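Remarks on the structure that follows.
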Amino acid sequence: MDEPSILLTNDDGIEATGLRAVYDAIADIADVTVVAPAEDKSAVGRTLSHDVTVHDHELGYSIEGTPADCVVAGLGSLVPDTDLVVAGCNEGANLGAYVLGRSGTVSAAVEATFFDVPAIAVSMYVPAGADTRVTDVDVDDESYDEAARATAYLVQHATDQGVFEQADYLNVNSPVAEWGRADMAITRPSEVYQMTASRGDENGITLHDRIWERMADGDIPDPDGTDRRAVVDGSVSVSPLTAPHTTERHEALDDLAASYTDTEK
């Protein structure tokens with residue numbers, strides 16, 4: 001069997017350690033071309049540009065744009081015969097249903113599915129305290145070993161096992177390798193949401209996601225079977241997902257539409 005052609009991207013930028021870790025893990029089992037942002041474009045969701053500048057890079061191409069730009073430019077022009085898109089490894093977890101639309105990493109995977117190309121988004125949970133940003137935590141290169149191992153495993157086996165006949169993309173979150181060798185858990189995105197907003201001075205409001213400090217303490221309200229619970233318990237979380245947005249017709253909305261023409265201006 002021929003090696004699959006993989007487009008590798010991320011949102012941390014083409015020089016990110018996590019991207020290199022995944023590249024090294026899959027380069028021996030796939031034909032890998034990197035198409036990644038020239039700079040950090042974290043948390044931009046599926047933001048798309050009209051024109052982007054492309055630069056040659058030793059691993060492929062760097063794009064002056066977003067992760068979604070990279071996927072469109074890659075699949076539409078630079079690497080049109082791609083079999084699979086891999087996005088990551090992100091420094092920091094992408095866990096919970098509310099995070100999916102914000103994440104540039106996950107958004108790159110979602111963008112691929114509209115080209116009918118399956119995708120894997122992979123991120124690594126970085127333990128941080130209540131007042132510590134993930135980007136301020138020193139992360140060793142070896143910390144990505146478990147995430148890279150899980151990615152290579154899925155690249156090797158997911159397509160042949162028919163995984164993408166049921167799922168459009170996989171959202172993978174790994175603990176740091178320092179926690180020891182992990183198992184793999186199939187999960188669903190947690191629906192626990194603990195964003196808060198507090199008024200500071202007259203013109204300032206602070207937005208804060210309380211769940212991260214609870215994760216650092218190991219005290220989370222998420223039930224078994226969810227992505228966040230799996231990672232806190234030391235497993236690699238794999239959530240099989242479909243690209244947004246799903247639709248479901250129901251009688252109440254049908255009735256509302258039917259009565260629209262009867263309303264006054």
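Residue numbers start at 1 and run along the sequence shown. Just so we're clear, the structure is a prediction, and the values are computed from it rather than from any experiment.
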Restricting to non-hydrogen atoms, name the atom on Gln194 and the atom on Val192 that form the minimum distance, rounded to 0.1 Å.
CG-CG1, 4.1 Å
With no hydrogens and no angle check, just 3.5 Å: does a side-chain donor-acceptor pair link Tyr98 and Asp209?
yes
Does CD belonging to Gln156 count more than 12 external heavy atoms closer than 6.0 Å?
yes
Point-to-point distance, once rounded to the nearest 0.5 Å, from CG of Asp69 to CD of Glu64
11.0 Å
Donor-acceptor side-chain pairing of Thr242 and Asp168 below 3.5 angstrom
no
So how far is it from Glu251 CD to Asp254 CG, rounded to the nearest 0.5 Å?
7.5 Å
Cut-off 3.5 Å, side chains only: do Thr105 and Asn10 have a donor facing an acceptor?
no
Test item: Asn171 side-chain N/O and Asn94 main-chain N/O as donor-acceptor pair under 3.5 Å:
yes
Determine whether Val86 and Val34 fall in the same hydrophobic cluster, where Ile, Leu, Val, Met, Phe, Trp and Tyr are linked whenever their side-chain heavy atoms lie under 4.5 Å apart.
yes
Does a salt bridge link Arg214 with Asp219, judged by any charged N lying under 4.0 Å from a carboxylate O?
yes
Any residue meeting side chain to side chain contact (heavy atoms under 4.5 Å, CB included) with His50, in chain and number order, not counting sequence neighbours
none
How would you list, by chain and number, every residue that makes a side chain to side chain contact (heavy atoms under 4.5 Å, CB included) with Val231, sequence neighbours excluded?
Leu95, Tyr125, Asn173, Ser237
Check whether more than 12 heavy atoms from other residues, nucleotides or ligands sit under 6.0 Å from atom CG of Asp28, and answer yes or no.
no
Just by distance, do the side chain of Ser49 and the backbone of Val52 share a donor-acceptor pair under 3.5 Å?
no
Taking all non-hydrogen atoms of both residues into account, name the closest pair between Ala147 and Ser174 and its distance.
N-OG, 3.4 Å
What one should report as the nearest heavy-atom pair of Ala150 and Val236 is CB-CG1, 3.9 Å
What residue pairs, at least two apart or across chains, pass side-chain hydrogen bond (donor to acceptor under 3.5 Å, both in side chains) with a residue in residues 77-88?
none
With sequence neighbours excluded, tell me which residues meet side chain to side chain contact (heavy atoms under 4.5 Å, CB included) with Glu178.
Asp140, Ser143, Val176
Closest approach of Trp212 to Ala93 (non-hydrogen atoms, all atoms of both residues)
CH2-O, 3.8 Å
Search all heavy atoms of Gly234 against all heavy atoms of Ala182 and return the closest pair with its distance.
O-CB, 3.2 Å
Do you know the tightest heavy-atom contact between Asp12 and Ser42?
OD1-OG, 3.1 Å
Which pairs, with at least one residue in residues 223-240 and sequence neighbours excluded, count as a salt bridge (Lys or Arg N to Asp or Glu O under 4.0 Å)?
Asp222-Arg228, Arg229-Asp233
For atom OH of Tyr153, is the number of surrounding heavy atoms from other residues, nucleotides or ligands below 6.0 Å larger than 12?
no
Which residues, ordered by chain and number, are linked to Tyr260 in its hydrophobic cluster, where ILVMFWY side chains connect at heavy-atom gaps below 4.5 Å, directly or through other members?
none
